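For reference, the structure is listed below as structure tokens.
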Amino acid sequence: MGDYVYRSYADLEALGQRVVEKAAEVTLWQDESYSQAQQDSINDFYKARTPVTPTENSHSTPPASGDPDDPENIKAYVRSDLVDLPRYFTAFSVPDPDSVNEVLTEPFYRTAGTLVPNLRLTRKYGGQLSADSLADSGPYVEPVGGMVKLILGNHMKHWEGDAAEKFHGYCLRHEEAASRQNQLALNLAEAIDAHLELRRRQLTDVWSIGEKTIQTLDALDAWCTRKKTTQNVLTVVGAIAAVLVVVSTDGAAAPVAAEGVQGLAAFLSTIPAPTPEPADISGATVQAVIQSMFDAIQRLRRRVDEQQETLRQVLIRMQADMRGKLPRMLVEPPSEFTGLANADVDTLRTTFYDR
Amino acid sequence: MGRTMGVTTVQFAADLNDLRIIGAIDLPMLEYAYAVVNNAVAGTASADADAFRTEPGGPPSLVADAWRELRDDLQNILGRTAENLHSAAQTMLHIVQAYAETDEAAATALREAWKGGDPPGTADGEWILPDQPPTVQIAPA
């Protein structure tokens, strides 16, 4: 996302406080809002004097001086009514996703590039993926397929006994297994990418809600009760789709398992695509605008939870798919070969090769 | 207990050399690669707390457990593969040793071939690793 900026807990709390201050300020000069707040303040003043009747504003306190409908007391009343508002913003607070991005994603892309080299990844719907992400894992690390070819093509020519053939098969299965392991590594990279992108977007969206609430409050007319609307859209709904990758080979073809582990995109294709959701901030009074803000925040929370649940379900299905293919992902050496670990030469001559 | 008739010492030594390359070079290189990526995946756990924390001090996200389990599965697949390759390499070296003990001349030729570093018969991409592979990390079940 081009306009992403990390917002800390303190940033979100400050934003919430700015909304509170703006609401208190506008209430004093917007006629309809002022009337409503004045009435609420008076009502709660009298309710507070009768213990059995709860006040609408649970944080309201009797004025220190003057009447409940004096302007300064109304301002204080509005502030107290919204004292919990900043928590609605800080509830979305998370550690900076970019602070853990490299530690979490790079090892999986490097693992994928080590297991099956010459792969190129691009984002399915645009966006950057570092070309370095598929660099191998450093010196002395050679691709699995290349090593298997050297073993079988160069060094096993004269060893043809039963155990030798089993060893031959063991080596071959590593190529197929590497392809599946590669896909699983890519799946994990995409999944964590999606999770971090979701976090970036939830921060962006809650910030936008706060700023647009302030903007809408500022736009209210002093005398007229015409509704003001500031358009807003939730971007979290596109978080998972934004990180999907497309794999292609570059030059030398990478081995592709006949029944491979499915990629993230394949799992998501069975889940209905979320539709973008408008979350406009609107109202003709301060109270209505603030309620609209709360509604937008609730919608954001629902969408975040839905995206997280989608990702969780996909991960569970990935795990079930992977475990169903485990024997072809974790290659065990054949017992006919491992049984020779302490064999004498006579046994070897009958099972490995008669040399 | 002698070597099969018709196979020359030179040919026998060459065949043993091939097997020793597999056991001392190729399989260890594969083991090394898998141990490296196993450790790389294991290393992502250091960021788990910050990756999945919600509100400060609050419970982790809905995704945390599912992602960690799948990460641990991959980590263990890579780690067990490295361990299996290590066992396979040791078995292969035993096979070489067992055969070499039947022919002193071939055994001597083999020792001479490996004296100076990379032996004959290795291709580009095959070399004796200078370092031990990193210790494999298996995530608990």
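Chain identifiers are assigned alphabetically (A, B, ...) following the order of the sequence lines, protein sequences preceding nucleic acid strands; residue numbering begins at 1 within each chain. Treat the numbers as computed from the prediction; the structure is a model and nothing was measured.
Among the candidates Thr81(B), Thr122(B), Leu74(B), the residue making the largest number of heavy-atom pairs closer than 4.5 Å to chain A is Leu74(B). Of all the listed residues (Gln97(B), Glu83(B), Met92(B)), the one sharing the greatest number of non-hydrogen pairs under 4.5 Å with chain A is Met92(B).
For the pair His155(A) and Ile21(B), the tightest heavy-atom approach, listed with the atom from each and the gap, is NE2-CG2, 3.4 Å. Minimum interatomic distance between Ala343(A) and Ala98(B) (heavy atoms only, all atoms of both residues): O-CB, 4.2 Å. Closest approach of Ala47(B) and Leu104(A) over heavy atoms only: CB-CG, 3.8 Å. Of all the heavy atoms in Arg199(A) and Arg53(B), the pair that sits closest is NH2-O, 2.6 Å. The two residues Asp18(B) and Asn154(A) come nearest to each other via the heavy atoms OD1-O, 3.7 Å. Between Val103(A) and Ser46(B), the closest heavy-atom pair is CG1-OG, 3.8 Å.
Heavy atoms of Val144(A) lying under 4.5 Å from chain B belong to its backbone as well as its side chain. Only the side chain of Leu326(A) comes within less than 4.5 Å of a heavy atom in chain B; its backbone stays farther off. Interface residue Glu69(B): backbone and side-chain heavy atoms are both found under 4.5 Å from chain A. Using a 4.5 Å cut-off between heavy atoms, Asp131(B) contacts chain A through its side chain alone, with no backbone atom that close. Using a 4.5 Å cut-off between heavy atoms, Asp124(B) touches chain A through its backbone atoms (N, CA, C, O) alone.
Side-chain contact between Val63(B) and Glu309(A): absent, with no pair of heavy atoms (C-beta onward) separated by less than 4.5 Å. In this structure the side chain of His94(B) never reaches within 4.5 angstrom of the side chain of Leu340(A), judged on heavy atoms. Under the 4.5 Å side-chain criterion, counting only non-hydrogen atoms from C-beta, Leu150(A) is not in contact with Met29(B). Looking only at side-chain heavy atoms (C-beta outward), Phe167(A) and Ile95(B) stay at 4.5 Å or farther from each other. When side chains are defined from C-beta on, Thr114(A) does not count as touching Tyr34(B), because their heavy atoms never get closer than 4.5 Å. Considering only heavy atoms from C-beta on, Leu30(B) comes within 4.5 Å of Ile151(A) through its side chain. Contact annotation: the side chain of Thr111(A) approaches that of Leu78(B) to within less than 4.5 Å [non-hydrogen atoms, C-beta and beyond]. Within the 4.5 Å cutoff, the side chain of His174(A) has heavy atoms near those of the Leu85(B) side chain.
Taken to the nearest 0.5 Å, the CD atom of Gln313(A) stands 10.0 Å off from the CG atom of Leu62(B). Atom-to-atom distance recorded for Leu70(B):CG and Met318(A):CE is 7.0 Å, nearest 0.5 angstrom. Here Ile192(A) contributes atom CD1 and Asp48(B) contributes atom CG; the two are 7.5 Å apart, rounded to the nearest 0.5 Å. Put simply, OG1 on Thr338(A) and CG on Asn84(B) are 9.5 Å apart, with the number rounded to the nearest 0.5 Å. Note that the CE atom of Met329(A) and the CG atom of Asp73(B) stand 9.0 Å from one another [nearest 0.5 Å]. Between atom CG of residue Leu315(A) and atom CZ of residue Arg68(B) there is a gap of 12.0 Å, rounded to the nearest 0.5 Å.
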Task: Criterion side chain to side chain contact (heavy atoms under 4.5 Å, CB included) on Glu101(B) and Val345(A), from CA distance to verdict - done: CA-CA 9 Å; Glu101(B) 283 170 3; Val345(A) 71; over 6 Å; no
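Other residues, nucleotides and ligands contribute only 12 or fewer heavy atoms inside 6.0 Å of the OH atom of Tyr88(A). For Glu332(A), the CD atom sits in a packed shell: over 12 heavy atoms of surrounding residues, nucleotides or ligands are nearer than 6.0 Å.
Using a distance-only test at 3.5 Å, with no hydrogens or angles considered, no donor-acceptor pair links the side chain of Glu142(A) to the main chain of Gly125(B). Under a 3.5 Å cut-off, the side chain of Arg312(A) and the backbone N or O of Ser61(B) do not form any donor-acceptor pair.
Classified by interplanar angle (parallel below 30°, tilted 30° to 60°, perpendicular above 60°), the ring pair His195(A)/Phe52(B) is tilted.
Listed by chain and residue number, Leu152(A), His168(A), Glu175(A) satisfy the side-chain contact (heavy atoms from CB on, under 4.5 Å) test with Leu172(A) (two or more places apart in sequence, or in another chain).
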